[in-house]
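One structure below.
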Protein chains: 2
Amino acid sequence: MNLRDLRYLLAVAEHGHFGRAAEACGVSQPTLSVQIRKLEGQLGVALFERGGKTVAPTSACERLIGHVRAAVAEADAILAVAGSLRDPLAGRIRLGVIPTLAPYLLPLVFAPLRDALPHLEVEPWEDQTAALLDRLRGHELDAALLATDVDGPDLASQPLFAEPFLAALPPEHPLARKAMVAEAELARDILVLADGHCLRDQALAACGRSEALGGTLRAVSISTLLNMVAAGYGTTLIPALAAGAAEDAGIVLRPLAARVGRTVRIAWRAHFPRRAAIEAVGEVIAARLRGFAQGAAKGAV
Amino acid sequence: MNLRDLRYLLAVAEHGHFGRAAEACGVSQPTLSVQIRKLEGQLGVALFERGGKTVAPTSACERLIGHVRAAVAEADAILAVAGSLRDPLAGRIRLGVIPTLAPYLLPLVFAPLRDALPHLEVEPWEDQTAALLDRLRGHELDAALLATDVDGPDLASQPLFAEPFLAALPPEHPLARKAMVAEAELARDILVLADGHCLRDQALAACGRSEALGGTLRAVSISTLLNMVAAGYGTTLIPALAAGAAEDAGIVLRPLAARVGRTVRIAWRAHFPRRAAIEAVGEVIAARLRGFAQGAAKGAV
DNA sequence: TGCTCTTGATAGTCTGTGCCTATCAGGACG
DNA sequence: CGTCCTGATAGGCACAGACTATCAAGAGCA
């Protein structure tokens, strides 16, 4: 049994006439005669009573035709839905974003994404790098915005923009009097995020330490860190997109002598079939942040 | 797009593995790979993301799969319903019966029909011959029990049993003293049914008249006729199956000298596809009435 | 009654497609 | 680094579905 046969059956039932049904189906009349007869053979029931001039559906046909209509309607629905899904720049993209990026980047790119890709529904998911990669590999996410390289042949990625780090100092800190801070100078009293944040490792590496300061601080967000710095507990190192939040907290920001920073990139499964959507999202974000590396050093976003 | 392809799609989605899905479908793995890929091409969307070891449905696939399941389920329903309709001795037969036969025959054959053809639902419809033939030709009935020959190449029929006529007389009627009545003797004061009843014409023909007695009587049933006879308004001629009703009304019945009668037959459209059901019904009725022609003359049914 | 028109069925043929086996390619794992 | 697993690809075969041409059966009409 075949969907085509079911359409033929519907056509004959509707027209009550093989010739006109064949015309409606765009095939020849013998084709319809043969296929309907074959269908009757497969089903084991007569579907039509062929009289001299009339073709009338049998009661068996009437019992079946509701299901036939339903099957054909579902098949049409499949085609219709597939048609609406055909646009690679439409649909939903589940996008993971690391916590040190999400609160500062997403407000910047939401409107551009909506404008440039109106049919793409970007659904953000905030978590740490390792969790995002797990979800990405587990098909729970389609892409992720990370600040680290990704490895493994199952994933691919593309850099979007460079984000410098800035020294964040309490106003009364001695280093706040300098126009520029050397990374190593922060090592003495730097505060870093909790385990699992890529920014923690990057900040420690930047100032030449391999271990965090002893202590119980387990800051889970840059926001917490900034409050600690503002209260004079120490210094820290923040990504440039968080500059606005830092200044709002009354913190002094200084560029770093070696201009260290991180590269934000978008990652996806190598076999993900809607790569075009990923690349479009990445391009919109990159365009929004273009020239950011230069401007950020001067505090402009 | 093909129902087979949809089943393949469901199998791959369910197993997440082309090889095992192919085994479940009873085809080779390359067949599935090719057909799924072809389906993706037809739909214009990727359905599965093939990773190194994993096959995961895309979001498009998840959007479509409900319709796919529905289409396949409807197709299965078609097969299941067709299977249940396959028995030619099952289903519904709309059976027309003429009014001079229905009230006397149906009570006799209902139980035998139910016993012999338990899956066949015989739905009686009572009307005069011409109306029954119209409905039969118009596919509103599947068969009809008539007492006349049918003509035309579009209809076929088969005799079931012979039903003699009996003279029905008021007890005080002069003819009631005779053991047997010659048909012509009834002509003087015979009462007949209204226009359209085949029995009217047959009764008139039997006693050699071509016109009914003048008058306003338009009896629409044998029952009315019997009441008229019982009241002494005249004589009539009834089919043997109505003998019981006549005797209940206190009417004297006499066999006819020339043994005229009618033949009850079943008629159907020549192209009606469930001829087996018709013939089975006819055979049950004929069997029930077998030997009736002889017995009826003696008043036994 | 016989002619013609309509309509579905049948025959013969061709092409496309679905299936197979054999083999390749890429990634995982010891 | 070789081996296994898994999906993709290639080549060949067979059948199904489509076409054209034609037949057969009824209906309508002269």
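To find a chain, count down the sequence lines: A is the first, B the second, and so on, and within it residues start at 1.
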Shortest non-hydrogen separation from B:Arg7 to B:Cys25 and the atoms involved
O-SG, 4.4 Å
B:Leu9 and B:Cys61 have their tightest heavy-atom pair at CD1-SG, 4.1 Å
Counting only non-hydrogen atoms, which of residues 2-21 of chain A are less than 4.0 Å from DNA chain D?
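By residue number: A:Arg4, A:Tyr8.
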For [X] and [N], is the shortest distance between a side-chain N/O and OP1 or OP2 below 4.0 Å?
| X | N | result |
| --- | --- | --- |
| A:Lys38 | D:dA16 | no |
| B:Arg37 | D:dA8 | yes |
| A:Thr31 | D:dG17 | no |

Return the value, rounded to whole Å, for the distance between atom CD of B:Gln35 and atom C1' of D:dG7.
15 Å
Salt bridge flag under 4.0 Å for residues [X] and [Y]:
| X | Y | result |
| --- | --- | --- |
| A:Arg135 | A:Asp142 | no |
| B:Glu123 | B:Arg94 | no |
| B:Arg262 | B:Asp201 | no |

From B:Arg269, B:His271, B:Arg137, residue fulfilling side-chain hydrogen bond (donor to acceptor under 3.5 Å, both in side chains) relative to B:Asp154
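Single pass found, and it is B:Arg137.
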With side-chain hydrogen bond (donor to acceptor under 3.5 Å, both in side chains) as the test, pick out the partner of B:Ser33 among B:Gln35, B:Gln29, B:Arg37.
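For B:Ser33, the side-chain hydrogen bond (donor to acceptor under 3.5 Å, both in side chains) test succeeds with only one of B:Gln35, B:Gln29, B:Arg37, which is B:Gln29.
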Contact state string [nucleotides 21-30 of chain D, B base, S sugar-phosphate only, - no protein heavy atom under 4.0 Å]
B----BS---
Salt bridge (Lys or Arg N to Asp or Glu O under 4.0 Å), that's the test. Do B:Arg86 and A:Glu40 meet it? Break it down for me.
CA-CA 10 Å; B:Arg86 199 163 297 163; A:Glu40 286 177 321; over 6 Å; no
With a 3.5 Å cut-off and no angle check, do the side chains of A:Thr58 and A:Arg63 form a donor-acceptor pair?
no
Could you give the distance from CG (A:Asp134) to OG1 (A:Thr129), rounded to the nearest 0.5 Å?
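Between atom CG of A:Asp134 and atom OG1 of A:Thr129 there are 11.0 Å.
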Hey, which sits more toward the 5' end of DNA chain D by its nearest nucleotide, A:Val34 or B:Leu32?
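Per heavy-atom nearest nucleotide, the more 5' residue is B:Leu32.
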Chain B vs DNA chain C, heavy-atom contacts under 4.0 Å, first-to-last nucleotide span, 5' to 3', is C:dG18 to C:dA28
Only one of A:Leu113, A:Leu132, A:Ile266 passes side-chain contact (heavy atoms from CB on, under 4.5 Å) with A:Leu95; say which it is.
A:Ile266
